[in-house]
Amino acid sequence: MNEFLKGLDLDSETIDTIMAEYGKRLNGLREEKSQLQAKLDDANDKLKSYEDMDIEGIKKNAETLTNENKDLQAQLKMVDSGAKKEFSEFVRSKVMAKVDDKTDFETALKNYKEENPQYFGETVVKKVQSSPNLNGGNNQETTTNDIMNNILRGERNAE
């Protein structure tokens with residue numbers, strides 16, 4: 001480089017100034033190259049640490065956890081929905097089947113509740129007489145308790 005500058009008929013002081021500036025810039029570029037190489041090496045090390053990871057396994061695990069989370073949230077919402085206890089799991093599965101990108105769980109539950117009110121509210125147990133009326137034509141219904149008492153009395157009287 002020195003010879004090139006001498007060939008341009010520059011005096012030695014100008015050549016020394018140019019060479020000093022050239023040296024500064026060259027050192028700056030070397031330092032920048034060194035920093036970039038260190039960043040590249042760091043990035044390559046990070047990349048190597050990810051190469052051994054089972055990305056598909058991680059995705060499946062994340063999907064499983066997401067589904068479990070959705071199911072647990074649905075169970076919590078079912079507690080507050082007023083669904084009869086014996087139908088809660090059935091209703092939850094039916095409502096979850098209606099959940100999609102456009103319909104969230106609350107909306108699907110509300111719609112299902114309107115369409116199927118029989119699964120919500122308190123359970124009413126109706127007593128129905130399953131045995132024939134042994135009352136001899138009397139209009140008053142005989143309870144199971146009365147029938148059992150009559151059977152026991154009849155056995156006691158037969159002794």
Separation of [Y] [atom2] from [X] [atom1] (nearest 0.5 Å):
X      : Y      : atom1 : atom2 : result
Asp16  : Met19  : CG    : CE    : 8.5 Å
Glu86  : Tyr119 : CD    : OH    : 11.0 Å
Ile147 : Leu152 : CD1   : CG    : 12.0 Å
Glu114 : Lys110 : CD    : NZ    : 5.5 Å
Asn111 : Thr103 : CG    : OG1   : 7.5 Å

Nearest atoms (heavy-atom pairs only) where Leu5 meets Ile18
CD1-CG2, 3.8 Å

Search all heavy atoms of Glu115 against all heavy atoms of Lys98 and return the closest pair with its distance.
OE1-NZ, 3.8 Å

Please determine if Lys94 and Glu89 form a salt bridge, counting it only when a charged side-chain N lies under 4.0 Å from a carboxylate O.
no

Salt bridge between Lys60 and Glu63, side-chain N to carboxylate O under 4.0 Å?
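Salt bridge flag = no for Glu63 with Lys60.
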
Side-chain polar contacts of residues 72-81 - donor-acceptor pairs under 3.5 angstrom, sequence neighbours left out - could you list them?
from, atom 1, to, atom 2, distance (Å)
Gln73, NE2, Asn69, OD1, 2.9
Gln75, NE2, Asp71, OD2, 3.0
Lys77, NZ, Glu106, OE2, 2.4
Ser81, OG, Met78, O, 2.8
Ser81, OG, Ala83, N, 3.2

Given the rule that I, L, V, M, F, W and Y join up when any side-chain heavy atoms are under 4.5 Å apart, are Ile15 and Leu26 in one cluster?
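Result: yes, single cluster for both.
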
Residues Asn67 and Thr64: side-chain donor-acceptor under 3.5 angstrom:
no

What pairs of donor and acceptor atoms, side-chain ones from residues 28-48 against any protein atom, are under 3.5 angstrom apart with sequence neighbours left out?
from, atom 1, to, atom 2, distance (Å)
Gln37, NE2, Asp41, OD1, 3.0
Asn44, ND2, Leu40, O, 3.4

When the ring planes of Tyr112 and Phe120 are compared, do they come out parallel, tilted or perpendicular, using 30° and 60° as the limits?
perpendicular

May I ask you to check whether over 12 heavy atoms, not counting those of Gln118, lie within 6.0 Å of atom CD?
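Result for CD/Gln118: enclosed.
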
